[in-house]
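Worksheet: the structure to be examined is printed underneath.
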Amino acid sequence: TLVLEGSLAVQPASGTFDIEDSYNLKLAQALTGTQTVTVQLLFDAAQLGLSVGGNAVTSVIFDKDNWQQGIDLTVRATDDATREAFKRSFIEHRVVAGIAAYSGVVKQLAVQVHDNDTAGVIVSASNGSTKVVLDDPNTAANEAVSDSYTVRLTSAPTQNVVVQVNTDGQVTTSPAALTFTTANWW
């Protein structure tokens, strides 16, 4: 899960200048009848905000109707004017009420928090990871697999920024250099 502080102002290419992320929280055991499970969401509100359907939350309640499909939570970085380095912030999910099977259950989710008040680069893998495969020339089939990733800056530059793409020699990339301007940094 990766988030970036930022403005809700619409970019020229649509979207906003921040990055928000979401995840689905669900239970492993069925609830029936009037059974419920309440999960408290503990996090540093100076760093993160959580919402469900656009409404801020600090807890969620599961019942027989939503335990299996889960609840979609949106994570946003709290925008401030403080220059901060990249950090990991944690969301703790603590069962505070419900059936005995869930008593005492606590799980954490690490969130990568990037600051828009500090110059930086964010590299995001497609589908959460990058996988490439070299074709085996000894077989008739083409087994090569290529992949892609996106690169963006954490804040608007005051002049052009060039990012060199360096590899370990086992893969190739194109282009070898990326130029970011005030018009394409996001």
Side-chain angles (χ1 to χ4, degrees), residues 1-28 31 36-63 65-98 102 105-130 147-158 161 163 178 180-186:
T1 302
L2 180 149
V3 294
L4 168 67
E5 291 181 11
S7 166
L8 295 176
V10 177
Q11 307 174 45
S14 78
T16 59
F17 290 113
D18 70 336
I19 298 174
E20 65 181 30
D21 207 345
S22 63
Y23 65 100
N24 183 270
L25 183 64
K26 57 182 147 186
L27 301 181
L31 299 177
T36 62
V37 171
T38 302
V39 178
Q40 185 178 26
L41 307 166
L42 303 168
F43 55 92
D44 181 355
Q47 297 297 319
L48 300 175
L50 292 176
S51 62
V52 173
N55 299 309
V57 294
T58 56
S59 67
V60 292
I61 299 173
F62 290 95
D63 58 27
D65 297 323
N66 67 358
W67 73 270
Q68 189 173 26
Q69 78 268 12
I71 297 171
D72 292 326
L73 291 145
T74 300
V75 185
R76 291 193 72 124
T78 302
D79 196 13
D80 58 30
T82 305
R83 293 177 59 93
E84 303 164 292
F86 163 83
K87 67 178 63 62
R88 290 198 194 316
S89 193
F90 294 89
I91 302 169
E92 184 173 281
H93 305 79
R94 179 182 301 253
V95 174
V96 294
Y102 288 102
V105 172
V106 177
K107 298 291 180 184
Q108 281 191 337
L109 175 69
V111 179
Q112 299 175 37
V113 182
H114 294 269
D115 184 32
N116 67 343
D117 301 304
T118 303
V121 176
I122 297 175
V123 179
S124 300
S126 60
N127 298 317
S129 66
T130 299
D147 205 343
S148 64
Y149 57 92
T150 59
V151 180
R152 66 164 284 173
L153 302 182
T154 58
S155 59
T158 56
V161 173
V163 175
L178 306 169
F180 293 96
T181 68
T182 56
N184 73 353
W185 64 271
W186 62 89

- Task: Considering non-hydrogen atoms only, spot the tightest contact between Ser59 and Gln40 and give its length.
- Result: CB-CA, 4.0 Å
- Message: Surrounding NZ of Lys107 (heavy atoms of other residues, nucleotides or ligands, distance under 6.0 Å), is the total greater than 12?
- Response: no
- Note on the structure: For Thr82 and Asp117, the nearest pair of non-hydrogen atoms, with its separation, is O-OD2, 3.2 Å
- Query: Under 3.5 Å, is there a donor-acceptor pair between the side chain of Thr78 and the main chain of Ala45?
  - Reply: yes
- Query: Taking all non-hydrogen atoms of both residues, which atom of Gln108 and which atom of Phe90 are closest, and how far apart?
  - Reply: OE1-CD2, 3.8 Å
- Grab the two heavy atoms, one from Thr130 and one from Ala125, that are nearest each other, plus how far apart they are. OG1-CB, 3.4 Å
- Message: Could you report the tightest heavy-atom contact between Leu153 and Phe180, atom names first, then the distance?
- Response: CD1-CB, 3.6 Å
- Short question: side chain of Asp115, backbone of Lys87 - any donor-acceptor pair under 3.5 Å? no
- Query: Crowded around Asn127 CG? As in, over 12 foreign heavy atoms under 6.0 Å?
  - Reply: no
- Partners passing side chain to side chain donor-acceptor pair (under 3.5 Å) against Gln68 (at least two apart in sequence or in another chain): none
- Residues forming a ring pair (Phe, Tyr, Trp, His ring centres under 6.0 Å) with Tyr23, sequence neighbours excluded: His93
- Go through the steps for Asp72 and Ser22 under the test side-chain hydrogen bond (donor to acceptor under 3.5 Å, both in side chains), then give the verdict. CA-CA 7 Å; Asp72 292 326; Ser22 63; over 6 Å; no
